[in-house]
Amino acid sequence: MIEIKKQRIITEVLGRPYKQGKEHLFPSRCCGHHKNKLSVNFLKNVAKCWVCDWKTKNLGKIVFRWGNRKQKQSWMELDTSLPPGELENLFQAEAQEEQRVDLPEQFKTLTGSSTFLQQNARRYLQKRGITKEDILKWKVGYAGAGDYSGRIIFPSFDSEGYCNFFTARTYGKEWPNYLNGPGNKDIIFNELYLDWNAPVTLVEGVFDAIVAGDNSIPILGSTLRKHSKLFQKIANKGVCVYLALDPDAEKKSLHIAKNLLEYGIEVYKVNVSPYKDVGEMTKEEFQDRKKKAEIVTNNTFLLQAAQTI
């Protein structure tokens, strides 16, 4: 009976699995893989991801790393292997560990001597409006071989200067356009360079962040969950936020704004239309639009609701 209750909690945290023998394959929250690759054995109380090799010998670690307060409390009521206080402290400490990853062995800088492959990568970046200064600032590199061959690599560094994530964008015909490195996306991209005493700008991708300028953070998608590290950091610091997501993510953008308002965060929305994303703009145009950004208040949502009647 306890195993069934634990399975129900894990399913609430990770999403619907499918069964393969004695294993349950769940969505891989640890690395964001598009297929269910996180294998969970409830009888043995263990889990392992077959993509990034994240593993644990106590399923409670899944709950305390990705679950909400209610799910954590429910799990502590079921897990009697440790006193509740010790169990919570143990998993909270593990959940707060900084993720660290290695850049690919084939990673090469886009500065210095020029090769044929480097020229192709530079040419692509130039077409996207990326300057040499941007390349230096964002530590942009590329891979001429290996799993990330033919791709430009954007590394992220945590507050201590360690690489905690990277994403790779093809500059040729490789598919898919983007490949993420190992680890999960629940990081604060390039926190090393952020000033938490100044407003931050939230955008979807790295190219958008380069155009948006200093103190811009790519959220690597169009959603920002309340329990994510970035959301919690913003809430704790109380900094002003400029939202500049793609126009096709309007509802998600307003949902993020609404959540931030609940935490007393001042939010401004930058108008990106008619562009598809910030990355299509010039840096000068984005800064001009940022100056004209409209503040988001609770009245914004009341007006939106009235317009749908």
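- Around CH2 of Trp138, the count of heavy atoms belonging to other residues, nucleotides or ligands within 6.0 Å exceeds 12.
- At distances below 3.5 Å, at least one donor-acceptor pair connects side-chain atoms of Asn36 with backbone N or O atoms of Arg16.
- The backbone N or O of Lys37 lies less than 3.5 Å from a partner atom in the side chain of Ser28, making a donor-acceptor pair.
- Sorted by first and then second residue, the pairs that involve residues 197-213 and meet side-chain hydrogen bond (donor to acceptor under 3.5 Å, both in side chains), not counting sequence neighbours, are Thr201-Lys290.
- Remark: Asn68 CG is packed, more than 12 non-hydrogen atoms of other residues, nucleotides or ligands lying under 6.0 Å away.
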Set out, in order, the CA-CA distance, both residues' side-chain angles and the distance that settles ring-ring contact (aromatic ring centres under 6.0 Å, His included) for Phe154 and Phe207, then state yes or no. CA-CA 10 Å; Phe154 297 94; Phe207 282 105; 5.2 Å; yes
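- In this structure, Phe166 has its ring center no closer than 6.0 Å to that of Phe107.
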Check: residues 172-182 side-chain donor-acceptor pairs under 3.5 Å, at least two apart:
unit_1: Glu174; atom_1: OE1; unit_2: Thr170; atom_2: OG1; d: 2.7
unit_1: Asn180; atom_1: OD1; unit_2: Thr167; atom_2: OG1; d: 2.9

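- Using modelled atom types, no side-chain atom of Arg169 and backbone atom of Ile152 make a donor-acceptor pair closer than 3.5 Å.
- Residues Tyr18 and Gln20 bring no donor and acceptor atom of their side chains to less than 3.5 Å of each other.
- Under a cut-off of 6.0 angstrom, the local environment of CD in Gln126 is sparse, with at most 12 non-hydrogen atoms contributed by other residues, nucleotides or ligands.
- Counting only distance, with no hydrogens or angles, the side chain of Thr56 and the backbone of Leu59 share no donor-acceptor pair below 3.5 Å.
- The environment of Lys283 atom NZ is dense: over 12 non-hydrogen atoms of other residues, nucleotides or ligands sit within 6.0 angstrom.
- For the side-chain hydrogen bond (donor to acceptor under 3.5 Å, both in side chains) test, residues two or more places apart in sequence or in another chain that qualify with Glu262 are Lys226.
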